[in-house]
Amino acid sequence: VGRMEKADCLIREMLEVGCSPNSATYNTFIKGYCLNNDMENALRAFYFMANHGIRPNRITYNIIAHALCKKGLLRDAKRLLIGTLDEECSPCSSNIIASTILMDGCFKNGKVSEAFGFWWEMIRRELEVDNVAYNVLLHGLFLNHGSKLAFVFFCKMLKSGMLPDVFTYNTIISHLCKRGELDEACRILANMSSMGVSPDHVSYKMIIQGLCMYGNVFRAKGLLDFMLEVSMQPQPLIWNVIIDGFGRCKDLESASYITEQMLAVGVSPNIYTYNVFMCILVKSGSFRRALFLKEEMQRSGVSPDQVTYNMLIGVTCNAGLTKVALKIHEEMVNRGYDPDVLTYTELIKGYCWAGQLIEAEELFVEMCRSEIQVDHVPFQIFLKKYCSVDEHKRAFALYETLLECYV
RNA sequence: ACCGUUACUUGAA
């Protein structure tokens with residue numbers, strides 16, 4: 001759970017009372033740091049372990065190499081593991097994990113041929129390639145190579161007598177969903193059970209999301225109903241995706257209906273749910289109702305977040321209520337949310353609209369001086385405004401600044 | 001006993 005200080009204390013306590021931590025203890029500990037993205041302490045623990053007479057084992061190296069891969073430090077990961085890969089004599093199951101870690105790392109960083117290198121190396125050494133290795137390969141191929149080659153290896157996998165697992169199917173489903181091939185994805189969802197693998201929450205989540213993204217919200221809703229039928233309690237995310245889907249096709253009625261159903265099965269709306277509704281209200285320009293929704297969410301114990309505030313600032317600016325927007329902005333800052341590009345952009349837009357160009361420009365300067373990564377949108381807003389009020393000289397000056405930014 | 005694989009929702013233009 002990331003309580004690393006606590007774990008650290010426990011290890012020290014173990015040492016003190018003479019109950020020596022073993023390699024599994026340290027491995028778990030190191031993994032904790034890795035999950036926290038804290039390589040510095042992970043390595044410290046690694047050395048600490050060695051200094052206390054426990055030799056790091058393969059698992060230790062795998063854990064660290066895996067973390068290095070995730071940070072994109074492939075070189076270091078390879079250097080760390082290459083020694084352990086060469087020991088042909090030792091139990092091979094660990095070698096296969098190390099190779100899989102490196103193969104996955106390469107694929108995820110776009111180094112396809114290097115990844116393949118690890119694959120063929122495993123084959124050459126006649127290691128028993130397992131499900132995970134195949135899954136990593138398939139995922140990597142879908143990611144970098146399109147589906148043809150991936151399916152070739154999928155067939156190979158079947159032929160070698162390996163049974164695809166839920167990861168395998170989900171990898172395929174994910175790829176199909178991303179390409180919008182939802183009929184095919186649904187077909188796999190329907191057929192995987194007959195292959196002895198039941199779809200899990202991930203399978204449903206991906207397809208439901210895919211369906212919503214491609215505008216087929218009703219079909220998504222059908223799957224949600226099916227999940228309820230087989231009493232797989234859908235996670236809040238799934239409800240939110242569907243509510244958002246209805247919101248996007250301006251079907252407010254269905255969106256509200258789903259929310260009620262969600263409440264009825266005992267799932268409480270979270271910040272996403274509220275923000276989805278907020279977005280619907282904002283898009284229709286109903287600033288009164290938006291402000292009302294803010295009150296309502298606070299009453300039910302959900303605090304507005306940066307996204308909520310940005311939307312509220314946007315809707316009030318659009319309604320010409322710059323003063324109200326500023327008040328909301330103030331509240332947001334007081335609550336500890338730092339304004340981001342969107343906050344500034346909304347306010348700048350508000351000022352521009354209201355004809356308060358000086359204030360807009362001041363805000364713009366303020367934003368540029370801050371840490372915030374400024375994108376092209378504020379420029380667009382200014383250019384549009386300047387041109388509309390015949391300030392072509394200023395428009396041009398701004399354009400030149402813009403060019404400078406990109407040199 | 002400890003290591004590797006799939007998915008992850010909301011905001012400006």
Side-chain angles (χ1 to χ4, degrees), chain A residues 21-32 34 57-67 69-70 81 93-105 107-108 130-140 142-143 165-175 177-178 200-210 212-213 235-245 247-248 270-280 282-283 305-315 317-318 340-350 375-381 383-384:
Chain A
N22 60 14
S23 53
T25 322
Y26 282 113
N27 287 345
T28 313
F29 186 53
I30 292 174
K31 192 184 172 200
C34 290
N57 57 14
R58 282 164 181 280
I59 298 185
T60 324
Y61 286 108
N62 287 346
I63 293 172
I64 294 182
H66 180 222
C69 281
K70 255 205 270 177
L81 285 186
S93 59
S94 205
N95 270 337
I96 213 171
I97 294 188
S99 305
T100 309
I101 291 173
L102 292 176
M103 177 167 73
D104 188 44
F107 271 131
K108 286 184 178 150
D130 64 3
N131 248 324
V132 180
Y134 259 111
N135 291 342
V136 167
L137 178 70
L138 293 182
H139 179 249
F142 276 130
L143 206 65
D165 59 13
V166 72
F167 281 83
T168 321
Y169 286 111
N170 285 348
T171 302
I172 298 174
I173 289 178
S174 155
H175 179 254
C177 286
K178 277 182 196 138
D200 64 0
H201 281 268
V202 175
S203 328
Y204 281 103
K205 220 186 283 190
M206 291 187 299
I207 295 201
I208 288 179
Q209 260 190 93
C212 287
M213 186 179 294
Q235 295 154 3
L237 173 97
I238 293 191
W239 294 97
N240 291 338
V241 169
I242 293 187
I243 295 169
D244 179 55
R248 279 176 205 276
N270 60 18
I271 183 69
Y272 285 97
T273 325
Y274 280 109
N275 283 347
V276 164
F277 274 103
M278 189 62 85
C279 180
I280 297 174
V282 164
K283 281 197 182 125
D305 66 358
Q306 199 182 40
V307 175
T308 325
Y309 280 116
N310 283 346
M311 286 193 283
L312 285 167
I313 292 172
V315 77
C317 280
N318 288 344
D340 63 5
V341 220
L342 272 73
T343 322
Y344 276 105
T345 308
E346 293 284 16
L347 285 171
I348 288 172
K349 197 177 68 178
D375 64 11
H376 67 284
V377 181
F379 285 99
Q380 243 176 28
I381 294 171
L383 286 177
K384 210 169 152 185

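Chain identifiers are assigned alphabetically (A, B, ...) following the order of the sequence lines, protein sequences preceding nucleic acid strands; residue numbering begins at 1 within each chain.
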Student: Could you give the CD1-to-C1' distance, from Ile313(A) to A12(B), as a whole number of Å?
Tutor: 11 Å
Student: For Asn27(A) and Asn62(A), run side chain to side chain donor-acceptor pair (under 3.5 Å): C-alpha distance rounded to whole Å, both residues' side-chain angles, the deciding distance at 0.1 Å, then the answer.
Tutor: CA-CA 10 Å; Asn27(A) 287 345; Asn62(A) 287 346; over 6 Å; no
Student: Whole angstroms only, please: what is the CZ-P distance between Phe29(A) and C3(B)?
Tutor: 16 Å
Student: Can you measure from CG (Leu138(A)) to CG (Leu143(A)) and round to the nearest 0.5 angstrom?
Tutor: 12.0 Å
Student: Among Val166(A), Val202(A), Ile207(A), find the residue that satisfies the side-chain contact (heavy atoms from CB on, under 4.5 Å) test when tested with Ile173(A).
Tutor: Ile207(A)
Student: Can you tell me the distance, in whole Å, between the CE atom of Met206(A) and the P atom of U6(B)?
Tutor: 11 Å
Student: In terms of side-chain heavy atoms of Val202(A), which of A12(B), U10(B), U6(B) is nearest?
Tutor: U6(B)
Student: With respect to the side chain of Thr28(A), which nucleotide from C2(B), G4(B), A7(B) is positioned closest?
Tutor: C2(B)
Student: Looking only at the side chain of Val377(A) (C-beta and beyond, no hydrogens), which of the listed nucleotides A12(B), G4(B), C8(B) gets closest?
Tutor: A12(B)
Student: OP1 or OP2 of A13(B) less than 4.0 angstrom from a side-chain nitrogen or oxygen of Lys349(A), does that happen here?
Tutor: yes
Student: From C-beta outward on Tyr272(A), which listed nucleotide comes closest to its side chain: U10(B), C2(B), C3(B)?
Tutor: U10(B)
Student: Counting any heavy atom closer than 4.0 Å, what does Lys108(A) reach on the DNA or RNA strands: base, sugar-phosphate only, or nothing?
Tutor: sugar-phosphate
Student: What distance separates Asn318(A) CG from Lys349(A) NZ, expressed to the nearest 0.5 Å?
Tutor: 4.0 Å
Student: Using a heavy-atom cut-off of 4.0 Å across all strands, would you classify Leu342(A) as base, sugar-phosphate, or nothing?
Tutor: base
Student: Think Lys205(A) has a side-chain N or O under 4.0 angstrom from the OP1 or OP2 of C8(B)?
Tutor: no
Student: Which part of the nucleic acid, if any, lies within contact of Gln235(A), taking any heavy atom under 4.0 Å across all strands shown: a base, the sugar-phosphate backbone alone, or nothing?
Tutor: nothing
Student: Looking at Asn135(A) and G4(B), is any side-chain donor or acceptor paired with a base atom of the opposite kind under 3.5 Å?
Tutor: no
Student: Where the side chain of Val307(A) is concerned, which of C2(B), G4(B), U10(B) is the nearest nucleotide?
Tutor: U10(B)
Student: Starting the side chain at C-beta, find the nucleotide from U5(B), G4(B), A13(B) nearest to Gln380(A).
Tutor: A13(B)
Student: Grab the CD1-P distance between Ile238(A) and U9(B) for me, whole Å please.
Tutor: 12 Å
Student: Between A1(B) and Asn22(A), counting only base atoms on the nucleotide and side-chain atoms on the residue, is there a donor-acceptor pair under 3.5 Å?
Tutor: yes
Student: When we call it a touch if two heavy atoms are under 4.0 Å apart, what does Thr345(A) touch: a base, just sugar-phosphate, or nothing?
Tutor: base
Student: What's the CG-P distance between Asp340(A) and U10(B), to the nearest Å?
Tutor: 15 Å
Student: Looking only at side-chain atoms of Arg248(A), point me to the closest of U10(B), U6(B), U5(B).
Tutor: U10(B)
Student: Backbone N or O of Asn170(A) within a donor-acceptor pair of the Ser174(A) side chain at under 3.5 Å?
Tutor: no
Student: Between A12(B), G4(B), U10(B), which nucleotide has the shortest distance from any of its atoms to the side chain of Glu346(A)?
Tutor: A12(B)
Student: OP1, OP2 of A12(B) versus side-chain N and O of His376(A): anything below 4.0 Å?
Tutor: no
Student: To the nearest angstrom, how far is His175(A) atom NE2 from U5(B) atom C1'?
Tutor: 16 Å
Student: Would you sort out whether Asp305(A) and Asn275(A) count as a side chain to side chain donor-acceptor pair (under 3.5 Å), showing the intermediate values?
Tutor: CA-CA 9 Å; Asp305(A) 66 358; Asn275(A) 283 347; 3.3 Å; yes
Student: Of all the nucleotides listed (C3(B), A13(B), G4(B)), which has the minimum atom distance to the side chain of Asp130(A)?
Tutor: G4(B)
Student: I'd like to check, for Phe167(A), whether its ring lies over the base of U6(B) with centroids under 5.5 Å apart and a plane angle smaller than 30°.
Tutor: no
Student: Whole Å only: how far is the CD1 atom of Ile208(A) from the C1' atom of C8(B)?
Tutor: 12 Å
Student: Once you apply a heavy-atom cut-off of 4.0 Å, does Ile63(A) come out as touching a base, just sugar-phosphate, or nothing?
Tutor: sugar-phosphate
Student: Under the ring-ring contact (aromatic ring centres under 6.0 Å, His included) rule, collect the residues that match up with Tyr344(A), sequence neighbours excluded.
Tutor: none
Student: Looking at U5(B), I'd like to know if its phosphate oxygens (OP1 or OP2) sit under 4.0 Å from a side-chain N or O belonging to His66(A).
Tutor: yes
Student: In terms of side-chain heavy atoms of Asp244(A), which of U5(B), C3(B), U10(B) is nearest?
Tutor: U10(B)
Student: Remember a base hit wins even if backbone is also touched, and classify Ala133(A) as base, sugar-phosphate or nothing at under 4.0 Å, heavy atoms.
Tutor: base
Student: In this structure, how many angstroms lie between the P atom of U5(B) and the CZ atom of Phe107(A), rounded?
Tutor: 15 Å
